[in-house]
Structure formats: C-alpha cells, structure tokens
Amino acid sequence: MAKKIKKFRPKARLPKGFRDIGPVELRQTQAMLKKIGAVYEAYGFEPIETPAFEYTDALGKFLPDTDRPNEGVFSLQDEDDQWMSLRYDMTAPLARHVAENYQDIAKPYRRYTWGPVWRNEKPGPGRFRQFMQFDADTVGTANIAADTEICMLAADTMEALGFSTSEYKIHVNNRKLLDGALEKAGIDPADDGNLGLRQTIFRSLDKYDKFGLPGVEELLGPGRADESGDYTKGAQLNSEQIKIFLDFLGSAKDSRVSTLDQLSELLGDTKAGEEGLAELREMDALLRSAGFDETRIQFSPFIVRGLDYYTGPVFEAELTFEARNDDGELVRFGSVGGGGRYDDLVARFTGQRVPATGFSLGVSRLQAALTHLGRKDGDEVLAPVVVLVMDREEQPHYQRMVQDLRAAGIRAEMYLGTSGMKAQMKYADKRGAPCVVIQGGDERAVGEVQIKDLAEGLRLSKDIEDSDTWRESRPAQFSVPEAELVSAVQGVLDRIRNET
RNA sequence: GCCGCCUUAGCUCAGUUGGUUAGAGCGCUAGAUUGUGGAUCUAGAGGUCCCUGGUUCGAGACCAGGAGGUGGUACCA
C-alpha cells in the first residue's frame with residue numbers, strides 16, 4: 001500500500017483576462033480616484049455604492065430560450081434559481097436603484113459612483129475582464145443643461161488627472177441627428193422592423209476612426225473583407241443612401257458652429273435632425289458661456305456609441321496622443337470614456353419615462369495612459385525604514401525603536417526573518433528601504449545606533465570596486481546617540497524627499 | 001465565433017537536412033567576505049522541450065488532433 005499518494009495540487013494561475021494589481025499601481029489608482037471624485041463633488045454630485053451583483057433581468061439582459069443568460073456577462077444562479085450577474089457597467093444598476101427608490105429620491109438626482117465592472121469577453125491588450133469605471137449621472141431631467149454639465153465635468157476631470165487640453169478631446173454627437181440621417185435615407189428610425197438594419201448602419205459609422213471613410217463606405221454597402229478572418233456583411237445600402245451618411249460623417253468641422261451649419265444644411269428638413277440640432281445649439285451656448293471652447297469639447301458626427309438605449313446627446317472622451325509600448329509598437333489609447341442621454345432606461349422598471357444622462361470613465365485605461373506618459377502620481381510612498389536584528393535577544397529593544405519611528409510618522413519595521421546581517425541588508429535593499437538602523441553589541445555598549453542611507457551608499461559604490469573597501473569604509477553610514485534616532489532618520493528621509 | 005502566428009530552465013531566447021549527454025544570457029542560491037545591500041570572481045540548483053497519438057532504427061525538430069498564449073477581425077449591453 002502506502003506508496004506515493006498523489007496529492008492534488010492546483011496550478012497557481014490567474015483566470016484569463018484578470019490581473020493582480022501591485023502596490024505602485026494601486027496607490028496610483030487611489031490617487032486618481034481621489035482627483036476624479038474631487039471634480040465630481042465640486043459639480044455637486046453625491047457618492048453612492050451599489051453591489052457587484054444584480055438580478056440578470058435588471059441589467060437589461062433578457063433570458064432567451066436558452067437556460068443561461070447571454071454571453072458577455074458573468075452569471076450564476078441564486079439558491080432560488082434566479083439568475084444573478086456581475087454588473088457590466090454602472091448605468092443599469094443606477095437605473096435599478098432609481099426605480100426602486102423612486103418616491104424618496106429628490107429629482108433631478110445627481111450621483112457619482114466607481115468600482116469594478118466585469119465583462120465576459122475575449123481579453124485583449126489593455127482590455128481585461130474586470131476593470132474600473134467611474135460614473136456620473138443626472139436622473140430626472142430632460143434639460144439639455146444636464147448633458148452639457150456632464151461634458152464639462154468630463155473635460156475638467158481629464159485636466160484634473162493631468163492631461164493637457166491638446167491631449168484629449170470630448171466628442172459630442174446626438175442620436176437625433178443620426179435619426180435625421182436615417183430619415184433622409186428613407187429608413188424610418190421608429191420602425192422596429194428595421195432595427196437590425198439601423199444597428200448595422202450605426203456600427204458601420206462607428207468604425208470611422210478605425211477604417212476611415214472608405215471602410216465605412218464598404219460597410220454601408222456590400223460589406224468588407226478583412227485580411228484575416230471572415231467577411232463582414234454590409235448594410236446593403238444604395239449609393240444615394242451611402243452618400244447621405246458619408247456627408248454626415250464629413251460634416252465635422254473645427255468649430256462647433258460650422259459643424260452645426262453643415263449639419264443643418266444636410267438634415268435641417270428632417271424632424272429628428274432639427275430637434276438634434278436645436279439641442280446642440282443650446283449646448284454650444286451653454287458651453288461657450290462657461291468657457292469651454294472647441295479645443296476641449298467638439299461636435300463630432302462620427303461618434304455613435306454602441307448602446308441602443310441612448311436617446312439624445314452622446315459623448316465620448318478620447319485621448320488624442322499616440323505612444324509606443326515596450327516593444328516599440330504604436331499604441332492608441334483612443335476612447336477612455338463615454339456616455340449619453342438614456343431617457344428610457346428607468347422606464348423599463350416603472351413604466352414611467354424618466355429622462356437621464358450620464359458618463360463613464362474607464363479608470364484603468366486612463367491610468368495606463370498616464371503611466372505611458374510617465375506621469376506617475378507625485379506622492380510616491382517611501383518604503384519602510386528597516387531596523388536590523390543584530391541580536392535576537394534584543395528584539396524587544398529593536399521593537400521599541402521601530403515604535404518610536406512609527407510614532408513620529410515614519411514607516412518602519414523590524415526585520416522579522418531569522419537570517420544573518422548580510423541577508424538582512426539584502427532584504428532592505430530589495431525592499432527599497434531608504435535606510436537601515438543598525439545596533440550591534442558595539443553600538444549598544446556606547447548607547448549609539450548606526451544609520452545607513454542605502455541610496456547614498458549605492459551611489460558611493462560606483463567608485464568602489466573591491467569589496468574589502470566597500471565593506472570596511474561603510475559608505476553613507478553614520479553613528480548617532482540612540483536618543484537621536486528619530487531625528488537622524490527623519491533627516492535622511494527629508495534629504496531623500498528633497499532630491500526627488 | 002472566424003483567420004494567422006507562437007509554445008524549449010523562474011524570465012528572454014538559441015537549438016543545423018531528424019542523430020546519441022538539450023544550451024546561453026539574465027535571475028536565483030551559496031562561497032570568496034563568521035557585522036554590511038553594490039561591483040567582481042567561483043561553484044551550484046533549476047527541464048514532462050505544452051499534451052495525446054502517429055511516422056521513423058531514432059522526434060525538441062516531421063504529421064494529425066487537442067490545450068494554452070498571442071495578433072487581427074467579429075461582438076461589446
């Protein structure tokens with residue numbers, strides 16, 4: 001018997017599309033959340049938190065005949081067999097919250113929220129199955145001023161995060177203009193019968209930034225063959241219809257007013273188009289008066305946004321610069337946030353139309369962009385000072401030193417391992433400790449401690465080649481009376497802070 | 001989902017027309033140095049050559065299927 005019993009050992013591995021986040025990034029995320037939140041607070045939004053799970057039907061995923069909810073969401077069945085799903089954005093949970101508490105909420109209701117969202121999709125570069133969104137919404141007013149404020153908020157947030165005006169752009173379009181273009185092309189935007197066609201057209205227009213006008217033209221027409229993979233079926237429009245949409249895309253001008261003039265010429269005689277234009281004219285006036293010109297907020301007919309629940313203005317925040325990744329490949333960050341007016345979302349629950357508008361920022365993507373630009377957040381935390389344990393039986397004494405340092409607001413720790421001094425030095429080095437505190441028998445006998453500045457020591461080591469000198473000269477190391485431990489360490493830290 | 005590419009040490013990779021004992025750099029551990037992180041030198045540990053089957057006297061290499069990764073495309077509420 002008792003041969004080798006095979007013990008099951010799970011392989012330590014992350015689920016695909018998920019990732020662990022280390023201390024540096026985590027601290028940066030926290031700093032970003034704080035900055036974004038400050039802008040939102042200044043605009044008068046209030047924080048709220050909703051849970052990660054919602055009932056699947058509340059998320060707007062209808063269960064078809066299959067026994068599992070749509071792909072794209074992570075779902076599981078509750079003990080009473082009800083399907084629950086991890087939220088895939090912050091908007092649907094908000095709509096649920098508003099519908100559930102409709103009586104008690106003062107309208108217009110303005111709130112912001114942030115947290116992880118999950119999407120069960122194929123991960124790609126910079127695309128994960130869990131990522132963080134920061135959201136602001138105004139619920140309960142159809143006033144276009146609410147949409148305008150959301151755009152202003154988005155622009156101000158980008159700048160608060162450290163992007164300059166030339167590095168981002170807030171694009172604004174209006175679904176009503178798209179409806180006007182449909183109308184012009186003889187496609188009834190209100191007819192459910194051509195919903196599929198409308199979606200195909202919208203998707204084609206949305207590819208403008210990816211494939212350009214010729215690509216969109218193919219997609220609106222017969223279809224587009226791509227080099228690798230399959231053939232994308234087109235919308236099968238005729239050339240007159242296609243021309244309408246291409247003209248529509250081409251009406252983007254540098255100034256908001258000229259864009260509106262151009263669009264007016266194209267769609268002014270359609271009902272939906274005229275409505276959309278009127279809304280954008282109002283936005284332009286509000287923006288102009290608030291000091292937001294077209295270098296920050298632009299009217300861009302090519303912005304579509306995939307969601308069919310949008311009913312009016314739609315927005316997108318774009319990063320306009322390019323960067324290179326570690327392999328030297330060109331990286332475009334592109335869209336880092338989006339939103340729009342969704343007047344029918346709450347009505348799904350209550351039957352009562354509740355106008356709403358909102359915006360989501362992709363925090364993780366913004367963070368990746370900031371990192372690429374080398375804009376780490378300034379308040380980098382220093383690693384702890386390490387107090388070496390030269391004699392195990394003196395640990396209580398070392399522990400007190402550590403506690404004195406902590407009481408002075410200095411991150412500090414006693415070496416908790418059981419290895420010798422050399423290993424302890426290596427530990428402190430790897431840890432990135434600014435300095436170590438050394439007290440062996442010699443120092444203790446005269447009531448002193450040695451403080452070694454590790455960064456300075458490394459610098460001095462450049463000129464030392466043989467190890468005897470390196471060890472014996474004890475570079476960047478000095479002795480102080482034990483009573484002056486805290487102030488001496490503080491002095492070293494102050495010097496390091498001033499250098500960086 | 002569809003198409004292409006890739007998979008050899010912890011990491012980055014080399015490995016000839018199929019040939020016997022599979023390598024390098026970096027990293028890691030130890031020593032030179034029993035109280036000093038660096039540099040240098042020396043030694044060492046570390047491998048299911050992704051898996052399964054096939055071809056062959058012989059497969060890390062060739063063939064088929066599968067898995068995983070990756071790039072593009074589709075979808076993205």
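Just so it is clear: chains get the letters A, B, ... in the order the sequence lines come, proteins before strands, and each one is counted from 1. Values below: every heavy atom of this structure, side chains too, minus hydrogens, waters and symmetry copies.
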Practice task
Mind calculating the distance between CZ (R474(A)) and C1' (G37(B)) to the nearest angstrom?
Solution key: 14 Å
Practice task
Give me the residues of residues 419-438 of chain A where at least one heavy atom lies under 4.0 Å from an atom of RNA chain B, by number, or none.
Solution key: M421(A), K422(A), M425(A), K426(A), D429(A), K430(A), I438(A)
Exercise for the section: Mark yes or no for whether Y398(A), through its side chain, and Q439(A), through its backbone, hold a donor-acceptor pair below 3.5 Å. Expected result: yes
Problem - Exercise: identify the closest heavy-atom pair between D343(A) and P355(A) - result: OD1-CA, 3.0 Å
Handout entry: Nucleotide nearest R471(A) when distance is taken to its side chain, options U73(B), U36(B), G35(B)
Key = U36(B)
Practice task
Using the C1' atoms only, state how far A39(B) lies from C49(B), rounded to an integer number of Å.
Solution key: 36 Å
Exercise for the section: Pick the C1' atom in U8(B) and in C51(B), then give their distance to the nearest Å. Expected result: 15 Å
Practice task
Flag the pair F45(A) / I150(A) as yes when at least one side-chain heavy-atom distance between them is below 4.5 Å, and no otherwise.
Solution key: yes
Problem - Minimum-distance nucleotide (side-chain atoms of S467(A) versus C2(B), G38(B), G35(B)) - result: G38(B)
Practice task
For R129(A) and G69(B), give me the distance from atom CZ to atom C1', rounded to whole Å.
Solution key: 14 Å
Exercise for the section: Could you check how far CD of Q133(A) sits from P of C76(B), rounded to whole Å? Expected result: 16 Å
Practice task
Give a yes/no answer on whether the side chain of W470(A) brings an N or O atom under 4.0 Å of OP1 or OP2 in U36(B).
Solution key: no
Problem - Base-pairing string, 5' to 3', of RNA chain B - Watson-Crick or wobble, under 3.5 Å, | interstrand - result: (((((((..((((.....[...)))).(((((.......))))).....(((((..]....))))))))))))....
Handout entry: Sub-4.5 Å side-chain heavy-atom contact between V346(A) and Q352(A)
Key = no
Problem - Residue mapping more 5' on RNA chain B - nearest nucleotide basis, R127(A) or G441(A) - result: G441(A)
Practice task
Please confirm whether the backbone N or O of K16(A) pairs with a side-chain atom of R129(A), one donor and one acceptor, at under 3.5 Å?
Solution key: yes
Practice task
Under 4.0 Å between any heavy atoms, over every strand shown, what does I464(A) touch: base, sugar-phosphate, or nothing? Just pick one.
Solution key: base
Practice task
Could you please name the option among U33(B), U73(B), G35(B) that lies closest to any side-chain atom of K210(A)?
Solution key: U73(B)
Problem - Minimum-distance nucleotide (side-chain atoms of K122(A) versus A74(B), C76(B), G37(B)) - result: A74(B)
Practice task
Taking only Lys NZ, Arg NE, NH1 and NH2, and the carboxylate oxygens of Asp or Glu, determine whether D135(A) and R111(A) approach each other closer than 4.0 Å.
Solution key: yes
Practice task
Using modelled atom types only, decide if a donor and an acceptor are shared between the side chain of R127(A) and the backbone of G17(A) within a distance under 3.5 Å.
Solution key: no
Exercise for the section: Calculate the interatomic distance between E316(A) atom CD and C76(B) atom P; express it in whole Å. Expected result: 14 Å
Problem - Spacing of E443(A) atom CD relative to G35(B) atom C1', expressed in whole Å - result: 8 Å
Handout entry: Between U16(B) and G23(B) - C1' atom distance, rounded Å
Key = 14 Å
Practice task
Determine the Euclidean distance between corresponding P atoms of G25(B) and C63(B); express it in Å to zero decimal places.
Solution key: 32 Å
Practice task
Side chain of Q450(A) only, please: which of G35(B), U73(B), C76(B) is the nearest?
Solution key: G35(B)
Practice task
For F211(A), answer base if it contacts any base atom (sugar-phosphate contacts may also be present), sugar-phosphate if it contacts only those atoms, and nothing otherwise; contact means non-hydrogen atoms under 4.0 Å.
Solution key: sugar-phosphate
Problem - Side-chain donor/acceptor contact of R203(A) with base of C76(B) under 3.5 Å - result: no
Problem - N/O donor-acceptor pair, side chain K452(A) with base G35(B), under 3.5 angstrom - result: no
Problem - Interatomic distance, K233(A) NZ vs C75(B) C1' [rounded to whole Å] - result: 16 Å
Exercise for the section: Could you verify whether a donor N or O on one side chain and an acceptor N or O on the other, from R400(A) and Q403(A), lie under 3.5 Å apart? Expected result: no
Handout entry: Integer angstrom distance from the P of U48(B) to that of U42(B)
Key = 29 Å
Exercise for the section: Could you work out which one of G37(B), C76(B), A74(B) sits closest to the side chain of K207(A)? Expected result: A74(B)
Practice task
For the side chain of S461(A), starting at C-beta, report the closest nucleotide among G37(B), G38(B), G35(B).
Solution key: G38(B)
Exercise for the section: Output all residues satisfying side chain to side chain donor-acceptor pair (under 3.5 Å) with S473(A), sequence neighbours left out; order by chain, then residue number. Expected result: none
Fill in the blank from the handout: Exactly one of F302(A), F315(A), Y208(A) clears ring pair (Phe, Tyr, Trp, His ring centres under 6.0 Å) with H171(A), and that residue is F302(A)
Problem - Pairwise C1' distance for G60(B) and U20(B), with rounding to whole Å - result: 14 Å
Exercise for the section: Classify the side chain of Q477(A) and the base of U36(B) as holding, or not holding, a donor-acceptor pair under 3.5 Å. Expected result: yes
Problem - Greater than 12 external heavy atoms within 6.0 Å of E393(A)'s CD - result: yes
Problem - Distance between P atoms of U40(B) and A14(B) (Å, rounded) - result: 26 Å
Handout entry: Nearest-Å distance once atom P is located in both C28(B) and G65(B)
Key = 43 Å
Problem - G69(B) phosphate, OP1 or OP2, under 4.0 Å from K16(A) side-chain N/O - result: yes
Completion exercise
Nearest-nucleotide check on RNA chain B, Q439(A) vs K462(A); residue mapping nearer the 5' end is Q439(A)
Handout entry: Charged N-O contact under 4.0 Å between D179(A) and R175(A)
Key = no
Exercise for the section: Remember a base hit wins even if backbone is also touched, and classify D442(A) as base, sugar-phosphate or nothing at under 4.0 Å, heavy atoms. Expected result: base
Practice task
Measure from CZ on F74(A) to P on C76(B) and round the result to the nearest Å.
Solution key: 17 Å
Completion exercise
Between CG of D463(A) and P of G38(B) the distance, given in whole Å, is 17 Å
